[in-house]
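Take a look at the structure below.
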Amino acid sequence: MKTFLEQVKKRLKAAAVSTFGDELNDFEPVIDAASNPAFGDYQTNIAMVLASKVAQPPRTVAQKLIAAVDLSDWCQTPEVAGPGFINLRLKKEYLESLLDSIKDDTRIGIPLASPASKIVIDMSSPNIAKEMHVGHLRSTIIGDALARTFSFLGHDVLKINHVGDWGTQFGMLIAHLKDACPSALSEPDKVNLGDLVEFYKEARKNFDASEEFQNSSRQEVVALQSGNPESIQAWQLICNQSRKAFQEIYSLLDVPDLIERGESFYNSMLPDVVSDLKSCGLLVEDQGAQCVFLDGFLNEQGEPLPFIVKKRDGGFNYATTDLAGIRHRVKEDHADELIYVVGAGQSAHFAQLQQVARKAGWLPEHVKMGHVPFGSVLGEGGKKLQTRSGETVRLKDLLDEAVASARAELEGRLKDEQRSESEEFISQVAQAVGIAAVKYADLSLNRITNYIFSFKKMLSLQGNTAPYMMYAYVRVQGISRKGGIDFTKLDNSECLKLSKDAEVTLAKCLLKFDEVIDSVVQDLMPNRICEYLFQLSQVFNQFYENCPVLNADEPARTSRLLLCDLTARTLKVGLSLLGIPLVERM
RNA sequence: GCGCCCGUAGCUCAGUGGAUAGAGCCCCCGCCUUCUAAGCGGGUUGUCGUUGGUUCGAAUCCAACCGGGCGCGCCA
């Protein structure tokens, strides 16, 4: 209904200008969805906003506006209500014509963005030689959902995996492997990620205990950083084994097309970052470190805080790497927008990073940069999520458990309903439902707050959960199977007719999808899609209860089939924007 | 000490200037000879952390305070 809203705003503005004068030329009307169905479909507060400007009572202003505006092609006669709201009620015929115009559109009426932008999304970012854990879940799936949404709108999206693949820990690991498992350093597939994690723990222990080992670790770091071929080979083998494990998770989660550009990718650019900061006069040496002093960030003494780009020991840190990333994404990728899906704890870092990049001129004004922060995943009781033994939860284990729970649930239900299904069906549905449940539970919450992780809640078959949405879709597919309906070959020359309330309500909901996508892109909040899809599913289920489809007489039958098909396609597109799968039966 | 985020129904959470603040779960009641009842209908639930301010109008904006989390110069 986006275009509807724009047109109404245009007419309301024209009416305001013609009634009250040219000084309202820069006035922008606001129209919102009605807060209550009793108030119609849309409401506008413009009369209240204008009242003080034109020195007339709000209700009088509203009456005059109504008299001056003609919305009769779309709405019933507008009503003035309460303190001065103007309430709009859509005409059935208009809804029917709108549905008619999107029913043959594969994009169900969602226009492509114009112009298209190049959007670079920094997301996921696990560490080499460590397991992916719950901490990586949100960045990965929120980033993916945003990427899918932008792509659907026609933007050119680059998903970057800024993996932790460089640093002193590799010296430690390589030094330890030389003693403990030398073949791992020269032959592929000698060890897997799990082994590496164990070796890493041992290395850490050695490092803390033995001065000799500390020295050999440091030597390995130097060898690696100076490009010693054996060290590089060992490092690459370690990275490859980690990648395999990460890829397994990305496949499970269906997060495709991540471009790996780890810390090492930027190594060669770091000296330039520092020297260029120097030549533009931003660089200051302080206590041996090279820094840029920041505006608006103070230390305990109230002095400006430094943004350190070169440590006292001559090494670079993540600030330098991130600056190099910005430069590269702007210059080489030609990004119009940089998005960082990183935990809320990093917000100060990103604010500082942006300030320095702007000052240095690496981030031109026309390039947007946004940190998309999110809260933590907590365990029951609101404490940090961990296993019974107190360790961080591996993402793989978490996903496997979700699939196993979904399977148990499904098998129980099949037994109750005395249905018999193939092993292939069971495992396929359990997989889809389990993964969908985890992703949906996360994406459906406002990302900024922490949330409490609960298998029981997310796999619950009622409420705002993935299974509920998937079931609504399955119901439509059930109708098509039962009636032998091929939705793509529906004879829809007869236009849609909305007769019952449930049909009208469903129609209105279907037509709001574009507004929702708009707000998601605006605020980078995927939970809005979930909220919408839940509402759509509820409205569809009410329709399903009240309006028999296959047994209805024409023309209601075809009209309802069209509504079913549009619902299914909207659910499919909506869930696809979240990276959540659907099944035909469950 | 400074900065950021959070505080909404018993529980988990939506809602960031608009009309009587919503949903799901939980609990109770009703609905399967009809497209999968993983569904639908009905019922109960609130000092929107506190106090002040701005506004025609505040859960929403501002200030102070209380409670919780996170961050604050050489880890990333």
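Below, chains carry the letters A, B, ... as their sequence lines are ordered, and counting in each starts from 1.
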Atom pair distance, as rounded to whole Å: [atom1] in [X] and [atom2] in [N]:
| X | N | atom1 | atom2 | answer |
| --- | --- | --- | --- | --- |
| A/Asn317 | B/rC72 | CG | P | 13 Å |
| A/Met172 | B/rC75 | CE | P | 14 Å |
| A/Ile485 | B/rC35 | CD1 | P | 15 Å |
| A/Ile31 | B/rG17 | CD1 | P | 16 Å |
| A/Met586 | B/rG39 | CE | P | 10 Å |
| A/Ile86 | B/rA19 | CD1 | P | 16 Å |
| A/Ile46 | B/rC56 | CD1 | P | 19 Å |
| A/Glu285 | B/rC74 | CD | P | 16 Å |

NA contact type, [X], heavy-atom cut-off 4.0 Å: base, sugar-phosphate, or nothing?
| X | answer |
| --- | --- |
| A/Ala319 | nothing |
| A/Gly345 | sugar-phosphate |
| A/Gln301 | nothing |
| A/Arg475 | sugar-phosphate |
| A/Gln538 | sugar-phosphate |
| A/Phe534 | sugar-phosphate |
| A/Gly478 | sugar-phosphate |
| A/Asn87 | base |
| A/Phe350 | nothing |
| A/Leu410 | base |
| A/Gln535 | nothing |
| A/Cys547 | base |

Minimum-distance nucleotide to [X] side chain [options: [options]]:
| X | options | answer |
| --- | --- | --- |
| A/Ile479 | B/rG24, B/rC35, B/rA19 | B/rC35 |
| A/Lys311 | B/rC74, B/rG15, B/rG41 | B/rC74 |
| A/Lys482 | B/rC40, B/rC72, B/rC35 | B/rC35 |
| A/Gln462 | B/rC25, B/rA23, B/rA19 | B/rC25 |
| A/Glu300 | B/rG1, B/rA19, B/rC74 | B/rG1 |

Between [N] and [M], how far apart are the two [atom1] atoms, rounded to whole Å?
| N | M | atom1 | value |
| --- | --- | --- | --- |
| B/rC6 | B/rA59 | C1' | 14 Å |
| B/rC48 | B/rA21 | P | 10 Å |
| B/rU20 | B/rC28 | C1' | 25 Å |
| B/rG53 | B/rG10 | P | 29 Å |
| B/rG68 | B/rG49 | C1' | 11 Å |

*Give every residue pair that meets the side chain to side chain donor-acceptor pair (under 3.5 Å) criterion with at least one member in residues 298-311 of chain A, sequence neighbours excluded.*
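Output for this query lists A/Asn299-A/Glu303.
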*Assign B/rC72 to syn or anti; the rule is syn for a glycosidic angle within 90° of 0 and anti otherwise.*
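Anti, which is what one calls it when the glycosidic angle falls more than 90° from 0.
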Between the main-chain N or O of [Y] and the side-chain N or O of [X], is there a donor-acceptor pair closer than 3.5 Å?
| X | Y | answer |
| --- | --- | --- |
| A/Arg585 | A/Val474 | no |
| A/Asn450 | A/Ser376 | yes |
| A/Arg447 | A/Asp442 | no |

*Under 3.5 Å, is there an N or O donor on one side and an acceptor on the other linking the side chain of A/Asn541 and the base of B/rG39?*
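By the distance-only test, no, there is no pair.
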_Side-chain donor/acceptor of A/Asp165 to base of B/rA76, under 3.5 Å_ =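 Not at all, since no donor on one side and acceptor on the other fall under 3.5 Å apart.
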*Can you tell me the Watson-Crick or wobble partner of B/rA21, both distances under 3.5 angstrom?*
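By the stated definition (distances under 3.5 Å), nothing pairs with B/rA21.
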*If you draw the axis of the six-membered ring of A/Tyr544, does the NZ or CZ of A/Arg475 fall within 45° of it and under 6.0 Å from the ring centre?*
yes
*asked:* Could you check whether A/Lys512 makes a cation-pi contact with A/Tyr42, meaning its NZ or CZ is under 6.0 Å from the centre of the six-membered ring and within 45° of the ring axis?
replied: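 Judged by the rule (NZ or CZ under 6.0 Å from the ring centre, within 45° of its axis), A/Lys512 counts as positioned above A/Tyr42.
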*Neighbour count >12 (heavy atoms, 6.0 Å) for atom NZ, A/Lys359*: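 Yes - once you tally the heavy atoms of other residues, nucleotides and ligands closer than 6.0 Å, there are more than 12.
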Protein N or O to nucleotides 4-14 of chain B N or O, pairs below 3.5 Å:
{"from": "B/rC13", "atom 1": "OP1", "to": "A/Ile452", "atom 2": "N", "distance (Å)": "2.8"}
{"from": "B/rA14", "atom 1": "OP1", "to": "A/Asn446", "atom 2": "N", "distance (Å)": "2.7"}
{"from": "B/rA14", "atom 1": "OP1", "to": "A/Asn446", "atom 2": "O", "distance (Å)": "3.4"}
{"from": "B/rA14", "atom 1": "OP1", "to": "A/Thr449", "atom 2": "OG1", "distance (Å)": "3.2"}
{"from": "B/rA14", "atom 1": "O2'", "to": "A/Glu531", "atom 2": "OE1", "distance (Å)": "3.2"}
{"from": "B/rA14", "atom 1": "O2'", "to": "A/Glu531", "atom 2": "OE2", "distance (Å)": "3.2"}

*Report yes or no: is the ring centroid of A/Phe297 under 5.5 Å from the six-membered base ring centroid of B/rG3, with the two planes under 30 degrees?*
no
*Is A/Tyr544 stacked on the base of B/rG39, with ring centres under 5.5 Å apart and planes under 30° apart?*
no
*Will you find, in the side chains of A/Lys64 and A/Gln56, an N or O donor that is under 3.5 Å from an N or O acceptor?*
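Present: a donor and an acceptor within the cut-off.
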*Should A/Gln352 be listed as having a side-chain N or O under 4.0 Å from OP1 or OP2 of B/rG3?*
no
*Looking only at side-chain N and O atoms, does A/Tyr468 come under 4.0 Å of OP1 or OP2 in B/rC40?*
yes
*Applying side chain to side chain contact (heavy atoms under 4.5 Å, CB included), name anything that partners A/Ala408, two or more places apart in sequence or on another chain.*
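Expected list: none.
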*Quick one: do A/Glu411 and A/Arg407 satisfy salt bridge (Lys or Arg N to Asp or Glu O under 4.0 Å)? Show the steps, please.*
CA-CA 6 Å; A/Glu411 283 173 339; A/Arg407 185 187 180 101; 3.1 Å; yes
*asked:* Return whichever of A/Gly82 or A/Glu263 has its heavy-atom-nearest nucleotide of RNA chain B closer to the 5' end.
replied: A/Gly82
*Taking the six-membered ring for Trp, is the centroid-to-centroid distance between A/Phe316 and A/Tyr318 below 6.0 Å?*
no
